[in-house]
Amino acid sequence: MRSPTPMLIIDWRKCIGCRTCELACAMAKGSPEKLGRPRIAIHRPDDAPIPMTCLQCLEAACVKICPVGALSRHPETGAVVLDENRCIHCQSCVAACPFGHISWAEESRTPLKCDLCDGQPACAKFCPTGALTYK
Amino acid sequence: MKLTSVDMLAQRRETLVQRTAALAREVRVCAGTACVAAGAGKLSDAIQREAAAQGLVLAVDGDAADVEATVRLVNTGCQGLCQAGPLVRVLPQDAFYCGVRPKQAARLVSEALQNNAVIADWCAVSPQGQRYATRAEVPFYRHQQPIALEGCGAVAPESLDDYIAHGGFAALVRALEMSPEDIVQTVEDAGLRGRGGGGFSTGRKWRIAASASASERYVICNGDEGDPGAFMDCAIMEGDPFRIIEGMTIAARAIGAQQGFIYVRHEYPKAVARLDKAIVACREAGLLGAGILGAGFDFDVEIARGGGAFVCGESTALMRSIEGLVGEPRANYVRSVQEGLYGQPTVLNNVETFACVPAIIARGAAWFAATGTPGSPGTKAFCLVGKVAHTGLIEVPMGTTLRQVIFDIGGGVLDGRPFKAVQTGGPSGGCLGEAQLDLPVDFDALTAAGSMMGSGGMIVMDDRTCMVDVAHYYLSFLQSESCGRCVPCREGVAQFCHLLDTMRRGTAKPGDLDRAIRLAQDIAQASLCGLGKSAPNPFLSAVTHFRAEFEAHINDRTCSAGVCRDLTVFAIDAQNCTGCGLCAPACPADAIAGAPKQVHVIDAQKCTGCGACRTVCRDDAVRALPRNLPCN
Amino acid sequence: MQLVIDGIPCTAESGETILQVARRNRIDIPTLCHHDALEGVGACRLCVVAVRAHAEAVDAQVVASCMYAVKDGLQVDTATPEVRRLRQTVLDLLAARCPDAPEIQALRERMGGDAIDYAPAVDGSKCIMCYRCVRACEAIGCNAIAAVNRGPQKEIAPPFFDATQRCIGCGTCAAICPTGHIAVTETPQYREIWSQRFAMAQCAGCGAPFMTEATREHLAGLGKLKPDYFTHCAACRQRDAAARFVRVGT
Ligand SMILES: Cc1cc2nc3c(=O)[nH]c(=O)nc-3n(C[C@H](O)[C@H](O)[C@H](O)COP(=O)(O)O)c2cc1C
Ligand code: FES
């Protein structure tokens, strides 16, 4: 079955570990003055590079555990997005993600996760090899 | 015995009335709080002992079953003239004795109870020396008209039989014959307005609750009575508890409620005990519970005890408290008649409001509306306290003037001092001055004058009362009674208290009065609940009527009443001083010197301004003078 | 239904508050105690606005926009002189209560009205009594803290100001506090909050402390997710997941 919304597809065999995605994400999530914290990371188990970022699970553990319903699926992008105005900073989502894809920003007291850049994920846009695609 | 039909109730009443009629006399000993404190319990015991000694068989309280008895003794609820207790009333002569001591019991039994005599030398005397042979002639009672307090001081509070004998539950029988709509209409036509303070139309309130769609509805009686100086609800709950239950049952019938609550503060243990007994008695008699009087109508009442927080008298806080939550008000943009207790339509009325209901149903809307003013029909109970000659519990037709209440009923200001102000409406109300004495007491007139009816406290103040100090007293009461939830009330009232305190201490700055007025208006507008919205009233009304006094405190650092200690020193007026020597030992600062029969002198340097000398002086020789603080 | 806010016609659903509708229409109303995810308390009164029942009505009423449910035809003014003055008073009062809370002082300066300096609290705390911590704690399901006492003495505390089993030391109250009033001490071994010490759980992978033991038990006890979700810190979980993916993929 085809998903009704586009998906970020990770073909890690194509990943060369250049970390362009991390930089692109940091730029997209930061300001011109200051880079943001990237929501994607290249891991190297057994030395093979693999980009790791939120999979936007259909039955998402983070959505399930959030006590105030601050996480929900965006109807158009399909991303699980955080409503920052609803977040009560309890870190339950950070603890709940089985893949560790949500990190915690101590300065802003907010969970950080990939929101697919509102449907135009910077990581996919700049990935030179097509390891990350959004379709 | 369970009364399973209206006929059974009628028969029961018939039997009881016949038994009562067979009694020759009835003696009512007031067992209200003040009279008990003055020794009414001992008096009642003494009367019973004395009667036994003299061979007179007494039926005590509800115990009318003793057919041998010719005289009945009733330990009643508050009879009103609290200041002069223990009170005794003997019927059918209607003789009325004040301050009766246990040692007088023998004469009371032999003369008044064995025979028909009125003990003339015990009767109250007018200032002109006229003896009042009957209670009806006593000015304190002459101008009164009891409706809510009708049974209080008359019936035996713990006896269902006695209540029935006095016509109790006849209104409920009528209500069972009427349609719920007719009951609501009757209460609305009577023009009954809530006696708890706001004065909202009770009929309209019931109508909204009845028409809201819901599976459950509740009736709550507000017996929280948090106003300092008010005790009318307490008196009704202690003195005539069945009337409240009857009123609530009628309300339940009108709106379709099956469960009621009486919210009583913990500090009223006697009221709780009496209501508890009354509820049990009603359940046993089939007047509460399933199938009341055999009609297909179920209703039961439970007591909810409050912790004595003033704010828990506020409707939404009260309901939260019953629900077991913290007694904080919630924003009442949705009214509790629509979404109240447990989110269901809820009728909340004051004790006195419910106490009026049986009379309205039994005697009709027109009868009730004939008393009082067009805008505020009926009567209102007040607790007349403070610097007034006769303090106590009264009930007068709406529209009676303050002057009539204070001077005709209350006998004027204590010790004949000049009248200064009267405080009505408790902490949400305000102070009115001499110029407002001819104001009729009704909801609208008092509100228009900047005070309010409130629940019925009425505190009389003489010329030795400082209005800044009074405003400070109420604001500091409200400061500690604010629930503390919203900023304007919690912080604003505290700041307000502070401002008033600087005025009392002579450290206020010019402009502080305007600052205080602005803060008052802001608190009133921005607060969450009625407590904050009305909190500035005691201050605003005092400023309206006594502005110069506030200005004198700020600008001249003087307190003309001689109350604010930092602004006052006392001096002795040589003209009046008789050298009696009462003042010197009373002075805690050892500031008074003088030989016996010689004019005394106060050392202004040592005087702390406490005023103890003035209080004890019988010759009006102590004067309050400005302390003349250096300007800052 | 339709209503008008500051002259702008707005559409609203029944049950919405004035604040919700205003914010959706990008009309700014300042708030302190309001939080989108928590039930309204109407405590700070900063969000007051003036409302009239309909366009011709003259009588305006001041209400808390975060609590007041919209009605059809309602006319709302969010910045009348009166409303501004009330907000100023609220901030002046809070500034006196919390002289050490820069957030309040800044907000107060931004109001730009005639500020009045009220007598500052001697033992000024930073707590503005917005109840966010209490409500967040309730949302998490712990109910470990509440407002106790009355009047100016009112404060937020655990039952009897004492250690409580209900508290899991998760730190949400401190994180949601707008003024940083709630003190937290963090060490690798324990976290101290509300004068209660909580042992930290160490990550089974890297050994770093990542939540309190009590929080872990609480989350696992919710039964919404498998308990072994809560054994590793997020970073380790991501690292392990990467390894798994590689293994599955090859
Ligand atoms: C701060 C505050 C305290 C109140 N205290 C009482 C009270 O002690 N007794 C009471 O009957 N009503 C009290 N009220 C009024 C109640 O909220 C409510 O209006 C009343 O009980 C309704 O009954 P009624 O319509 O019969 O007057 C209080 C209101 C406020 C705002
Ligand atoms: S935001 Fe509305 S009262 Fe605080």
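Every heavy atom of this structure was used, including side-chain atoms; hydrogens, water molecules and symmetry mates were not. Protein chains get the first letters and strands the later ones, always in sequence-line order, with residue 1 at the start of each. Note that this is a predicted model, so its numbers are computed, not measured.
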Compare every heavy atom of [Y] with every heavy atom of [X], then report the nearest pair and how far apart it is.
| X | Y | answer |
| --- | --- | --- |
| C:A147 | B:E328 | CB-OE2, 4.2 Å |
| C:R150 | B:A309 | NH1-CB, 3.1 Å |
| C:R45 | B:P488 | CG-CD, 3.3 Å |

Quick check: are there more than 12 heavy atoms from other residues, nucleotides or ligands sitting under 6.0 Å from [atom1] of [X]?
| X | atom1 | value |
| --- | --- | --- |
| C:E192 | CD | yes |
| B:H266 | NE2 | no |
| C:R108 | CZ | yes |
| C:E39 | CD | no |
| C:D72 | CG | yes |

Report yes or no: does [X] contribute a side-chain atom to a donor-acceptor pair with the main-chain N or O of [Y] at less than 3.5 Å?
| X | Y | result |
| --- | --- | --- |
| B:Q495 | C:A119 | yes |
| C:Y118 | B:F496 | no |
| C:K154 | B:C483 | yes |
| B:R490 | C:G151 | no |

Check each atom of [X] against the heavy atoms of chain B and say whether the ones under 4.5 Å are side chain, backbone, both or neither.
| X | result |
| --- | --- |
| C:L46 | neither |
| C:E82 | side chain |
| C:V41 | both |
| C:V63 | both |

Going from [atom1] on [X] to [atom2] on [Y], what distance comes out if it is rounded to the nearest 0.5 angstrom?
| X | Y | atom1 | atom2 | answer |
| --- | --- | --- | --- | --- |
| C:Q153 | B:S482 | CD | OG | 10.0 Å |
| B:L519 | C:I116 | CG | CD1 | 7.5 Å |
| B:C489 | C:L93 | SG | CG | 11.0 Å |
| B:I523 | C:T89 | CD1 | OG1 | 9.0 Å |

Compare all side-chain heavy atoms of B:Q479 with those of C:P152 and state whether any distance is below 4.5 angstrom. yes
Chain B contacts, top residue of C:R85, C:E155, C:M67, C:M129 (heavy-atom pairs, under 4.5 Å):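 Highest number of pairs under 4.5 Å: C:R85.
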So which residue, C:V90, C:L86, C:V148, ends up with the most heavy-atom pairs under 4.5 Å with chain B? C:L86
Interchain contact, B:S527 with chain C, by part (heavy-atom threshold 4.5 Å): backbone
Check each atom of B:R485 against the heavy atoms of chain C and say whether the ones under 4.5 Å are side chain, backbone, both or neither. both
Do B:Y333 and C:Q61 pair up side chain to side chain, a donor and an acceptor below 3.5 Å, judged on atom types alone?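 Short answer, no.
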